[in-house]
Amino acid sequence: MIEDRQGFKIGCIEEIAWRAGWIDTPQLAKLAAPLVKSGYGSYLETLIADSQS
């Protein structure tokens, strides 16, 4: 319910690492690539796209 209301995934370690600066955008994209067909991978790709706008 919280994920739906706020638009954030709970416990998304890739997002946490990216936002904290522990990994950069190309590293996040590499992690998201094998997961692209899942909602989780799509979410990570949306983060990347939103950051580039």
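Side chains included, hydrogens not; waters and symmetry mates left out as well; all remaining heavy atoms used.
- The two residues W18 and L47 come nearest to each other via the heavy atoms CH2-O, 3.7 Å.
- In this structure, L28 CG and E45 CD are separated by 9.0 Å, a value rounded to the nearest 0.5 Å.
- You'll find the side chain of E15 reaches within 4.5 Å of the side chain of Y43, heavy atoms only.
- For the pair I13 and Y40, the tightest heavy-atom approach, listed with the atom from each and the gap, is N-OH, 3.9 Å.
- No donor-acceptor pair closer than 3.5 Å links the side chain of Q52 to the backbone N or O of A49.
- Residues L44 and V36 have side chains not in contact (no heavy-atom distance under 4.5 Å, counting atoms from C-beta outward).
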